[in-house]
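Okay, so here's the structure we're looking at.
If you read the sequence from its start, that first residue is 1, and numbering goes on from there.
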Amino acid sequence: MVFTLVVVALTIILMIASIIFFPTLTIKRVKFSPYWIIALLGVIVLLFGGVLGPDELVTGLFGQSLINPVKILTLFLSFTVFSIFLDEIGFFAYMASLVAMKAKNSQPTLFLAFYLLTAVLTVFTANDIVILTLTPFIIYFAKNAKINPLPYLVSEFVAANTWSMLLIIGNPTNIYLATSFGIDFLAYFVKMLIPTLSVGVISYLMMRWLFHRFLKTPLSIGSALPAPDRGMMVIGLTHLGISTILISIASYIGLEMWIITLSGSVSLMVVTIVYRLVKRQSLRVLLGVFKRIPYSLIPFMLSMTALVVAVDKFGLAASLARSLSEISPLFSYGFVSFFFSNLINNIPMTILFREVLAVDATLRLPAVYATIIGSNLGAILSPIGALAGIMWMSILKREGIRYGYGSFLRYGFIISLPLMLISLLGLSLLF
């Protein structure tokens, strides 16, 4: 047991250190993130140390239909393809520039418009993709308009990690926990509607208060970007819309969500190839999609699942479940998952808490939804809270935007803690 705990603890510490000090490495012009390699090495050490047997590993990764990590990864990555596709054809940038044009010369109006745009895009795509696609545009826009980009960047990050709670597809942690406990699309939406709407409104008002002095200067906006190819836009939005509708009724038509999204992404690729060949256009857009799929999430999530399987052999999940059940499960699971996300990242936290939640069925549903809230809002507290935070910080650093770890924590504490309390209070009205 001591060997296992030491290996797992060192793996987590080294992952956090890599996220803080060297989020990306370059070897022979190839850039990569080392965090997933560290997680994989931790699993290899446990395998060679005899803690994990091959049969236990295979069972943990593939053995149960509801919590099969491979199916959950397929669901998330295939749905991510829709978002990346729309970004590659310029849809997100076009929408952002259109919103900016409508704001004219008013920064408060622009601030609200960007917040709403981020919220809408996040609800129907995924928070990570929205953050990665809108962040460079906001920086570019702010530089040209000669305004401070920080209010808009913080607002975008908070909005993406707030509105990602609304639908099951908004965050891989939503997908993992909801599918693990048999929560379907509509049941999830009904429970998360009030918590998401409440913190969505409050988060906007908080940020308007925090950044009001930055929004007083006038701005100068140029012309809107040209619209993407209409045919490509119809293809992308149609596939996204149909897949979202089918996911919402998946439990009623007897199809698993991962099959729907995988089929939709394959159809998107095939239809795009036919369309581009008929129009005698390059297939470069598809190469861009395949290049940007977050493949590193695959070894990372599978490795973290294996680490949790190893730790759970010694009853850690049961011990943690007993401690959390001594007080209100909804609030205890919500706040503890929130802080655990900032100790070990929200994806490992979610994998661990799935095992904890499985211990006591009587506490399950309120605690599951509270943990989902903690996994989303935990990303706002510190960069460690989610991979999106690390990627967001790296973009800011690359573009010369000064926003250090201390600034992230300062705004994170002010914004995230009240949002956690409000969202859990909203959730408590439904149980």
Subject >> With sequence neighbours excluded, residues passing side chain to side chain donor-acceptor pair (under 3.5 Å) with S328 >> reply: none
Original post:
Taking atom types as modelled and ignoring hydrogens, do the side chains of N346 and T173 form a donor-acceptor contact shorter than 3.5 angstrom?
Top reply: no
Give the table of side-chain donor-acceptor pairs shorter than 3.5 Å for residues 414-424, with sequence neighbours excluded, one pair per line with atom names and distance.
from, atom 1, to, atom 2, distance (Å)
S416, OG, G412, O, 2.5
S423, OG, L419, O, 2.9
S423, OG, M420, O, 2.9

**OP:** Look at the side chain of T261 and the backbone N and O of W258, then say whether any donor-acceptor pair between them is shorter than 3.5 Å.
**Re:** yes
**OP:** Taking the six-membered ring for Trp and the single ring otherwise, decide whether the centroids of Y176 and F181 are under 6.0 Å apart.
**Re:** no
**OP:** Step through it carefully: locate the ring centre of F137, locate the ring centre of Y152, and say whether they are under 6.0 Å apart.
**Re:** no
**OP:** Taking atom CZ of F211 as the centre, report whether more than 12 heavy atoms of other residues, nucleotides or ligands fall under 6.0 Å from it.
**Re:** yes
Original post:
Taking F340 as the fixed residue, which of Y333, F353, F335 is the one that meets the ring-ring contact (aromatic ring centres under 6.0 Å, His included) rule?
Top reply: F353
Subject >> L167 and M192: CA distance, side-chain angles, deciding distance, side-chain contact (heavy atoms from CB on, under 4.5 Å) verdict >> reply: CA-CA 8 Å; L167 298 183; M192 294 301 290; over 6 Å; no
Subject >> L381/F339 under side-chain contact (heavy atoms from CB on, under 4.5 Å): CA gap, chis, key distance, verdict >> reply: CA-CA 9 Å; L381 179 60; F339 287 110; 4.2 Å; yes
Original post:
Has the side chain of H239 got a donor or acceptor atom that lies under 3.5 Å from a matching backbone atom of G236?
Top reply: no
Original post:
When rounded to the nearest 0.5 angstrom, what is the spacing between OG in S198 and CG in L427?
Top reply: 9.5 Å
Subject >> Donor-acceptor contact present, side-chain N342 to main-chain G378, <3.5 Å >> reply: yes
**OP:** Could you tell me the separation between the OG1 atom of T122 and the CG atom of N127, rounded to the nearest 0.5 Å?
**Re:** 6.5 Å
Original post:
Where do I395 and P136 come nearest, in terms of heavy atoms and distance?
Top reply: CG2-CG, 4.4 Å
Subject >> From CG (D184) to OG1 (T179), nearest 0.5 Å >> reply: 11.5 Å
Original post:
What's the shortest heavy-atom distance between S337 and G374, and which atoms?
Top reply: OG-CA, 3.5 Å
**OP:** Go through F300 and L40 one step at a time and tell me if the side-chain contact (heavy atoms from CB on, under 4.5 Å) criterion holds.
**Re:** CA-CA 7 Å; F300 178 65; L40 183 60; over 6 Å; no
Original post:
Under 3.5 Å, side chain of T162 to main-chain N/O of A159, donor-acceptor pair present?
Top reply: no
Original post:
Do any N or O atoms from the side chain of N345 and from the backbone of I384 form a donor-acceptor pair under 3.5 angstrom?
Top reply: yes
Original post:
Do the two ring centres, one from F114 and one from F111, sit under 6.0 Å apart?
Top reply: no
Original post:
If every non-hydrogen atom of N161 is compared with every non-hydrogen atom of A379, which pair is closest and at what distance?
Top reply: OD1-CB, 3.5 Å
Original post:
Between T196 and L193, is there a donor-acceptor pair closer than 3.5 Å when you use the side chain of the first and the backbone of the second?
Top reply: no
Original post:
Run the ring-ring contact (aromatic ring centres under 6.0 Å, His included) check on Y411 and F408 step by step: do they pass?
Top reply: CA-CA 6 Å; Y411 283 117; F408 199 119; 9.4 Å; no
**OP:** Ignoring hydrogens and angles, tell me if any N or O in the side chain of E156 forms a donor-acceptor pair with the backbone of Y115 under 3.5 Å.
**Re:** no
Original post:
Got a second to check how far L75's CG is from I259's CD1, nearest 0.5 Å?
Top reply: 11.0 Å
**OP:** Search all heavy atoms of S303 against all heavy atoms of P299 and return the closest pair with its distance.
**Re:** OG-O, 2.6 Å
**OP:** State whether a side-chain donor-acceptor pair under 3.5 Å links Y35 with S296.
**Re:** yes
Original post:
At what distance, to the nearest 0.5 angstrom, does CZ of F185 lie from CD1 of I245?
Top reply: 9.5 Å
Original post:
Okay, side chain of Q107, backbone of T217: is any donor-acceptor separation there less than 3.5 Å?
Top reply: yes
Original post:
Y403 and W392: aromatic ring centres closer than 6.0 Å?
Top reply: yes
Subject >> M393, CE: over 12 other non-hydrogen atoms inside 6.0 angstrom >> reply: yes
Original post:
Taking atom OG of S180 and atom CD of E355, what is their separation to the nearest 0.5 Å?
Top reply: 8.5 Å
Original post:
Should the ring pair Y369 and Y188 be called parallel, tilted or perpendicular, given that the plane angle runs from 0 to 90° and is split at 30 and 60?
Top reply: tilted
Original post:
More than 12 non-hydrogen atoms from neighbouring residues, nucleotides or ligands closer than 6.0 Å to CZ on F413, yes or no?
Top reply: no
**OP:** Walk me through it: do F189 and L166 pass the test side-chain contact (heavy atoms from CB on, under 4.5 Å)?
**Re:** CA-CA 6 Å; F189 172 73; L166 185 60; 3.9 Å; yes
**OP:** State whether the side chain of D87 and the backbone N or O of S83 hold a donor-acceptor pair below 3.5 Å, judged by distance alone.
**Re:** no
**OP:** Give the minimum heavy-atom separation between I89 and P228, together with the two atoms involved.
**Re:** O-CB, 3.1 Å
Original post:
Do the side chain of S265 and the main chain of L262 share a donor and acceptor less than 3.5 angstrom apart?
Top reply: yes
**OP:** Using only heavy-atom distances, determine whether the side chains of S164 and N376 contain a donor-acceptor pair under 3.5 Å.
**Re:** yes
**OP:** Flag this pair as yes if the NZ/CZ of K191 is under 6.0 angstrom from the six-membered ring centre of F431 and inside a 45 degree cone about the axis; otherwise no.
**Re:** yes
